[in-house]
Q: 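I have a structure here, written as structure tokens, and I will follow up with some questions on it.
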Number of protein chains: 2
Amino acid sequence: MTGRTAAVQARADSVRNRRLLLRAATEAFAECGVDVSMHTIAQRAGVAKGTVFRHFPTKDDLLAAIMMQLLDRLREAADRFLRADDAGGALKDFMAHGIGLLAADRAFCDVIGRPSLQHADVREAIDRLCDTVEDLTGRAREQGAVRGDITGTDIVLLLGGIHQTAQPLLDREPRAWERFLEIAFDGLRARDRATLPHPPPARLRMADPSGASAPTGK
Amino acid sequence: MTGRTAAVQARADSVRNRRLLLRAATEAFAECGVDVSMHTIAQRAGVAKGTVFRHFPTKDDLLAAIMMQLLDRLREAADRFLRADDAGGALKDFMAHGIGLLAADRAFCDVIGRPSLQHADVREAIDRLCDTVEDLTGRAREQGAVRGDITGTDIVLLLGGIHQTAQPLLDREPRAWERFLEIAFDGLRARDRATLPHPPPARLRMADPSGASAPTGK
DNA sequence: CGAGAAGGTGACCGGGGGGTCATGTTGTGC
DNA sequence: GCACAACATGACCCCCCGGTCACCTTCTCG
């Protein structure tokens with residue numbers, strides 16, 4: 001889908017720089033969040049600023065590339081957990097895995113929490129993630145491990161929420177989120193209670209960035 | 001503590017502008033988050049930029065003033081709920097109230113989620129809030145409405161977390177957070193399960209902004 | 001009402017951000 | 001080994017932000 005036709009052969013130093021750039025950007029975004037400057041990323045990759053813009057026309061494009069790579073890794077993880085026998089345990093393990101990823105990546109949290117940062121490609125990746133997680137959740141529902149009205153979208157949203165809950169504690173106890181995962185997962189278990197309000201959509205069609213909400217200044 | 005001795009009489013237009021400023025800043029921060037410019041706030045208050053800096057020496061001071069006002073309102077709400085008979089219901093109602101406040105204030109969310117934005121005064125206000133909420137939670141514990149190892153700090157953290165969970169859904173369903181409050185509160189209920197890991201501290205002594213963590217760009 | 005101080009103003013400053021482009025450099029196919 | 005296209009570079013542009021300050025306006029008190 002990235003349109004690399006065989007006709008055009010990329011130069012060796014170009015692909016090397018691209019790799020360095022992706023590595024540096026991944027690290028820089030993870031450590032500093034979406035507000036790292038392109039200059040910093042270039043420095044960390046050992047290239048000039050212009051080179052960054054040659055490979056990624058805008059900062060959003062670079063961010064989107066990094067985020068998609070992360071989201072797809074998460075989706076692959078969900079795919080793997082799909083093969084476990086104990087669907088409830090697998091779902092919980094997947095959540096722990098996802099929250100761990102979030103805890104290690106500030107930019108990931110920024111993007112999850114601010115729809116206006118979401119490139120169209122990123123939204124598609126999130127949708128794909130929701131689909132896979134819905135499969136995982138469906139198996140847990142069938143096995144009675146979670147209540148019947150829990151959806152895959154719920155789980156994906158909880159990933160960000162649980163991490164955010166524990167965030168202020170993370171520098172003293174990096175695994176503080178485990179406490180809130182316990183609490184949340186207990187809340188997910190099947191019970192005799194009334195149906196939950198406001199079922200979420202299957203796909204997270206977030207507000208388009210051009211919308212009236214989410215003003216950012218001026 | 002603000003040192004307004006009777007000797008110095010503030011001028012009438014000064015107090016008027018200060019009030020306009022606080023109102024405008026409250027609204028602007030709520031709508032746009034902590035990244036609104038001082039220029040925008042000045043405009044919305046109908047004064048010049050210099051006037052803002054006359055009343056609040058730095059942007060952080062202004063933000064802190066707004067946040068403390070909000071945190072104290074929340075603490076007062078907790079105080080009121082303390083008088084209810086059904087401690088469990090009161091705790092849940094308080095949480096709903098707090099999440100509603102968060103949902104209506106982007107800057108509040110920003111500050112909660114980013115300790116580096118927290119002025120010393122704000123941290124103290126958060127600590128005061130934790131204390132009052134601990135009282136509220138203690139009563140719920142005694143009445144068996146929540147499990148024995150839930151603390152006030154847990155509840156305060158969950159406020160931000162639950163809101164964050166529902167955030168992507170808010171522009172289609174403003175009350176989407178109710179769903180996740182149900183889930184979380186179910187998870188809080190007393191149960192026969194093992195003790196929760198990583199009990200949080202009574203006071204949220206967050207990492208000081210000068211710490212090694214939370215780099216923002218270099 | 002008049003003097004003087006407190007307050008208001010907006011041009012201005014230094015810093016830093018994203019993004020561009022003319023110029024210099026290097027890998028590559030013939 | 002040559003010529004050329006692709007690539008790398010960093011000075012540069014424009015914009016916006018937080019914060020300052022010399023100058024002007026307006027309130028207050030006697």
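All chains are named by letter (A, B, ...) in the order of the sequence lines, taking the proteins before the strands, and each is independently numbered beginning at 1.
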Q: Answer yes or no for Arg18(B) and Phe56(B): cation-pi contact, defined as NZ/CZ to six-membered ring centre under 6.0 Å and angle to ring axis within 45°.
A: yes
Q: Can you measure from CZ (Phe81(A)) to NE2 (His97(A)) and round to the nearest 0.5 angstrom?
A: 6.5 Å
Q: Just the rounded figure in Å: distance from C1' of dG7(C) to CG of Leu21(B).
A: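 These atoms are roughly 13 Å apart.
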Q: Between atom CZ in Phe53(B) and atom P in dG7(C), what is the gap in whole Å?
A: 18 Å
Q: Within the 3.5 Å criterion, strictly below it, is a donor on Thr58(A) or Asp61(A) matched to an acceptor on the partner's side chain?
A: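 Distance-only check passes for Thr58(A) and Asp61(A).
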Q: Can you name the nearest heavy-atom pair linking Leu157(B) to Pro168(A), along with the distance?
A: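 Heavy atoms of Leu157(B) and Pro168(A) come nearest at CD2-CG, 3.6 Å.
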Q: Any salt bridge linking Arg44(A) with Glu31(A)? Criterion: basic side-chain nitrogen under 4.0 Å from a carboxylate oxygen.
A: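 So Arg44(A) pairs with Glu31(A) through a salt bridge.
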Q: To the nearest 0.5 angstrom, please state how far the NE2 atom of His55(A) sits from the CG atom of Leu20(A).
A: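 Those atoms lie 9.5 Å apart.
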Q: Just report the end-to-end axis angle for the helix from dC1(C)-dG30(D) to dC30(C)-dG1(D), five pairs per end, to 10 degrees.
A: 10°
Q: Hey, mind stepping through Phe29(A) and Leu62(A) against side-chain contact (heavy atoms from CB on, under 4.5 Å) and telling me if it holds?
A: CA-CA 10 Å; Phe29(A) 277 130; Leu62(A) 175 55; 4.1 Å; yes
Q: Roughly how many Å is it from CD in Gln43(B) to C1' in dT9(C), rounded to a whole number?
A: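 It works out to 14 Å between those atoms.
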Q: Met38(A) has an atom CE; how far is it from atom C1' of dG19(C), in whole Å?
A: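 It is 9 Å, rounded to the nearest whole Å.
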Q: Can you tell me how far C1' of dC17(D) sits from CG of Asp60(B), to the nearest Å?
A: 13 Å
Q: Can you tell me how far C1' of dG16(C) sits from NZ of Lys59(A), to the nearest Å?
A: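 Going from Lys59(A) (NZ) to dG16(C) (C1'), I get 12 Å.
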Q: Arg16(B) CZ to dG8(C) C1': how many Å, rounded?
A: 10 Å
Q: Which distance, rounded to the nearest 0.5 Å, do you find between the CZ of Arg19(A) and the OG of Ser14(A)?
A: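 Output value for this atom pair is 10.5 Å.
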Q: Rounded to the nearest angstrom, tell me the gap between atom CD1 in Ile41(B) and atom P in dG18(D).
A: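 Whole-Å distance recorded here is 8 Å.
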Q: Can you check each nucleotide of nucleotides 5-12 of chain D against protein heavy atoms at under 4.0 Å and return B for base, S for sugar-phosphate only, - for none, in 5' to 3' order?
A: -BBBBB--
